[in-house]
> 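First the structure, which I've put down as structure tokens, then a few questions once you've had a look.
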Amino acid sequence: LSSDDVYDIDTDTRGHTWIATFGGGLTLIDRKDGRLRFVHPGNQLRHYPMAHDAKIRRVTHTAHGVVLLSTTGGLVTFSDRFASPSQIRFFCNQHTRYGQGGLGASDVLQTLVTRRNGVLVVTLGGGLQQIMSGNLLSDHLRFTPWGQLNTDEGIVQSIAEANNGDIWMMREGSIMRRLYGSGNVLQYVPDTQGSDIEFSEAKPMHDPHTDVITVGARGGVVYFDPK
């Protein structure tokens, strides 16, 4: 491995398993001839942008074969269709103060691909945005604010989607719910959660069979049924 700090693991549409490390960049698990080895920027992933995107928090993918990396240096995308890891082309989007429609901040906490193939991006300091570009393999993606959230109530740290399409947004001390269809936003504060809870930026887990969402918190976890 390129780093012992593993933050996330994902398997794309073609069966490649990717490991997101915080400091060592991206790692691909290569299984050949019954042997297991790790492909990373120190060997075959030679085009990976280590200068800005060595610290990866999350890795996910779309149904159309695009892998998305949430890094402290921006949003990185690439296609899972390649002949060799050394030939992968990486596309990088970072925050810029010039112009509108760009990434709100370069420190990306999480990227969520919804069931309807929308892509939501959570950034530290830049809020919650949606990617408007149809082609995700670009260095110039278009972003727009999403959810009409009150920034005075703290940053969104993580998000999850329920089976009915509602988006649940976890802040440090509260949970927001954006209803699918109407777009109305509901808030759940500590009183409705049962105690004074401080949520972490850990990636939420959604079980599609039970619809239960599990959220990381300081000292434990919180789980609830969205229904």
> So F78 and H61, do their side chains get closer than 4.5 Å, heavy atoms only?
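The answer is no; the side chains never approach within 4.5 Å.
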> Considering non-hydrogen atoms only, spot the tightest contact between G216 and A202 and give its length.
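Minimum heavy-atom separation between G216 and A202: CA-CB, 4.3 Å.
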> Hey, are T60 and T111 close enough side-chain-wise for a donor-acceptor pair under 3.5 Å?
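Short answer, no.
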> Search all heavy atoms of A162 against all heavy atoms of H206 and return the closest pair with its distance.
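What the structure gives for the nearest pair is CA-NE2, 3.9 Å.
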> Taking a hydrophobic cluster as the set of Ile, Leu, Val, Met, Phe, Trp and Tyr residues connected by side-chain heavy atoms closer than 4.5 Å, whether directly or through intermediates, do V119 and F91 fall within one such cluster?
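Per the 4.5 Å side-chain linkage, V119 and F91 are co-clustered.
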> State whether the side chain of E201 and the backbone N or O of S158 hold a donor-acceptor pair below 3.5 Å, judged by distance alone.
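Such a contact is absent between E201 side chain and S158 backbone.
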> What are the two closest heavy atoms between N117 and A63, and how far apart are they?
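That would be OD1-CB, 3.9 Å.
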> Same cluster or not: V59 versus L45, using hydrophobic residues (I, L, V, M, F, W, Y) connected whenever any side-chain heavy atoms lie under 4.5 Å apart?
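Looking at the clustering, L45 is in the same group as V59.
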> Using the rule given for side-chain contact (heavy atoms from CB on, under 4.5 Å), can you reason through V222 versus T214, listing the C-alpha separation, both sets of side-chain angles and the distance that settles it, and then say yes or no?
CA-CA 6 Å; V222 174; T214 304; over 6 Å; no
> Could you grab the distance from atom OG1 of T72 to atom CD1 of I56, nearest 0.5 Å is fine?
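It is 9.0 Å, given to the nearest 0.5 Å.
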> Which heavy-atom pair separates N43 from V39 by the least distance, and what is that distance?
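Reported closest heavy-atom pair: OD1-CA, 3.4 Å.
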> Within the 4.5 Å heavy-atom criterion, are I155 and L124 side-chain neighbours or not?
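They are in contact (side-chain heavy atoms under 4.5 Å apart), so the answer is yes.
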> Please report the C-alpha distance between D225 and K227 in whole Å, then the side-chain angles of each, then the deciding distance to 0.1 Å, and finally whether the salt bridge (Lys or Arg N to Asp or Glu O under 4.0 Å) criterion is met.
CA-CA 5 Å; D225 187 339; K227 298 186 291 295; 3.2 Å; yes
> Go through Q187 and R171 one step at a time and tell me if the side chain to side chain donor-acceptor pair (under 3.5 Å) criterion holds.
CA-CA 10 Å; Q187 183 178 22; R171 285 174 154 159; over 6 Å; no
> So, S79 side chain and R81 main chain: donor-acceptor pair closer than 3.5 Å or not?
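Side chain of S79 to backbone of R81, a donor-acceptor pair under 3.5 Å: yes, one is there.
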> On a heavy-atom basis, which atom in S2 and which in T27 lie closest, and how many Å separate them?
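Taking every non-hydrogen atom into account, OG-OG1, 3.1 Å.
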> With a 4.5 Å cut-off on side-chain heavy atoms, are S86 and H47 touching?
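A side-chain contact under 4.5 Å is absent here.
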> Does any part of the side chain of R218, heavy atoms only, come nearer than 4.5 Å to the side chain of S200, both counted from C-beta?
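Yes. Closest side-chain heavy atoms under 4.5 Å.
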> Answer yes or no for R116 and Y180: cation-pi contact, defined as NZ/CZ to six-membered ring centre under 6.0 Å and angle to ring axis within 45°.
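Judged by the rule, R116 and Y180 form a cation-pi pair.
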> Of I159, V121, I167, which meets side chain to side chain contact (heavy atoms under 4.5 Å, CB included) against W146?
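Only one option passes, and that is I167.
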> Within a radius of less than 6.0 Å around CG of D4, do more than 12 heavy atoms belonging to other residues, nucleotides or ligands occur?
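Open: at most 12 neighbouring heavy atoms sit under 6.0 Å from CG of D4.
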> Which pair of heavy atoms, one from N163 and one from P208, lies closest together, and at what distance?
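What the structure gives for the nearest pair is ND2-O, 3.0 Å.
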> Does a side chain donor of either Q44 or R37 reach within less than 3.5 Å of an acceptor in the other side chain?
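The answer is yes; a qualifying pair exists.
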> What distance do L186 atom CG and M169 atom CE have between them, rounded to the nearest 0.5 Å?
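Output value for this atom pair is 9.0 Å.
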> Say whether D5 and T21, considering side chains only, have a donor N or O and an acceptor N or O under 3.5 Å apart.
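On atom types as modelled, these side chains do not qualify, holding no pair under 3.5 Å.
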> M176 versus V156: any side-chain heavy-atom pair under 4.5 Å?
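SC-SC contact between M176 and V156 ruled out.
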> For a 4.5 angstrom cut-off between non-hydrogen side-chain atoms, does Y7 reach I19?
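No - every pair of side-chain heavy atoms lies 4.5 Å or more apart.
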> So does H64 get a backbone contact from the side chain of T62, meaning a donor-acceptor N/O pair under 3.5 Å?
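The answer is yes, because a donor-acceptor pair under 3.5 Å joins these two groups.
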> Answer yes or no on whether R178 is positioned over the face of W168, meaning its NZ or CZ is under 6.0 Å from the six-membered ring centre and within 45° of the axis.
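Checked: cation-pi criterion not met.
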> Quick check: is L69 connected to L103 through a chain of hydrophobic side chains (ILVMFWY, heavy atoms under 4.5 Å apart)?
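No, because L103 and L69 fall into different hydrophobic clusters, even though each may have its own neighbours under 4.5 Å.
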> Is a side-chain N or O of S106 found less than 3.5 angstrom from the main chain of Q94, in a donor-acceptor match?
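Not at all, since once roles are kept as given, no pair shorter than 3.5 Å links the two residues.
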> Yes or no on salt bridge (Lys or Arg N to Asp or Glu O under 4.0 Å) for R58 and D8, after CA distance, side-chain angles and deciding distance?
CA-CA 5 Å; R58 306 284 174 256; D8 201 8; 5.0 Å; no
> At what distance, to the nearest 0.5 angstrom, does OG1 of T71 lie from CG of D53?
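One finds 3.5 Å between OG1 of T71 and CG of D53.
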> Taking atom CG of D166 and atom CG of N164, what is their separation to the nearest 0.5 Å?
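Atom-to-atom, D166:CG and N164:CG are 4.0 Å apart.
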> Measure the acute angle between the ring planes of H16 and F82, then classify it against the limits of 30° and 60° as parallel, tilted or perpendicular.
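The rings of H16 and F82 lie parallel, inter-plane angle below 30°.
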> Please tell me whether L68 and M50 are part of a single hydrophobic cluster in this structure, the criterion being side-chain heavy atoms less than 4.5 Å apart.
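Different clusters: L68 never reaches M50 through Ile, Leu, Val, Met, Phe, Trp or Tyr contacts under 4.5 Å.
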> Quick one, V122 with V108, criterion side-chain contact (heavy atoms from CB on, under 4.5 Å). Give me CA distance, side-chain angles, the key distance, then yes/no.
CA-CA 6 Å; V122 182; V108 182; over 6 Å; no
> Please test T77 against F90 for side-chain contact (heavy atoms from CB on, under 4.5 Å), starting from the C-alpha separation and ending with a verdict.
CA-CA 6 Å; T77 62; F90 296 94; over 6 Å; no
> Between D30 and F38, is there a side-chain heavy-atom distance shorter than 4.5 Å?
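No; the side chains remain at least 4.5 Å from each other.
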> Any heavy-atom pair between the side chains of L136 and I131 that's under 4.5 Å?
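The answer is yes, as the side chains (C-beta and beyond) meet within the 4.5 Å cut-off.
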> Does a side chain donor of either R177 or Y188 reach within less than 3.5 Å of an acceptor in the other side chain?
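Side-chain D/A pair, R177 to Y188: present.
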> Apply the test salt bridge (Lys or Arg N to Asp or Glu O under 4.0 Å) to residues D107 and R57: give CA-CA distance (whole Å), side-chain angles for both, the deciding distance (0.1 Å), then the verdict.
CA-CA 10 Å; D107 197 344; R57 288 193 176 93; 2.4 Å; yes
> Rounded to the nearest 0.5 Å, how far apart are OG of S3 and CG of L26?
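Here the rounded value is 12.0 Å.
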> Is it the case that more than 12 heavy atoms not belonging to K55 sit under 6.0 Å from its NZ atom?
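No, because the 6.0 Å sphere around NZ of K55 holds 12 heavy atoms or fewer from other groups.
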> Which distance, rounded to the nearest 0.5 Å, do you find between the CG of L28 and the CH2 of W18?
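Interatomic distance, L28 CG to W18 CH2, rounded to 0.5 Å: 4.5 Å.
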> According to a hydrophobic-cluster definition based on side-chain heavy atoms being under 4.5 Å apart (Ile, Leu, Val, Met, Phe, Trp, Tyr only), do L137 and F143 belong together?
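L137 clusters together with F143.
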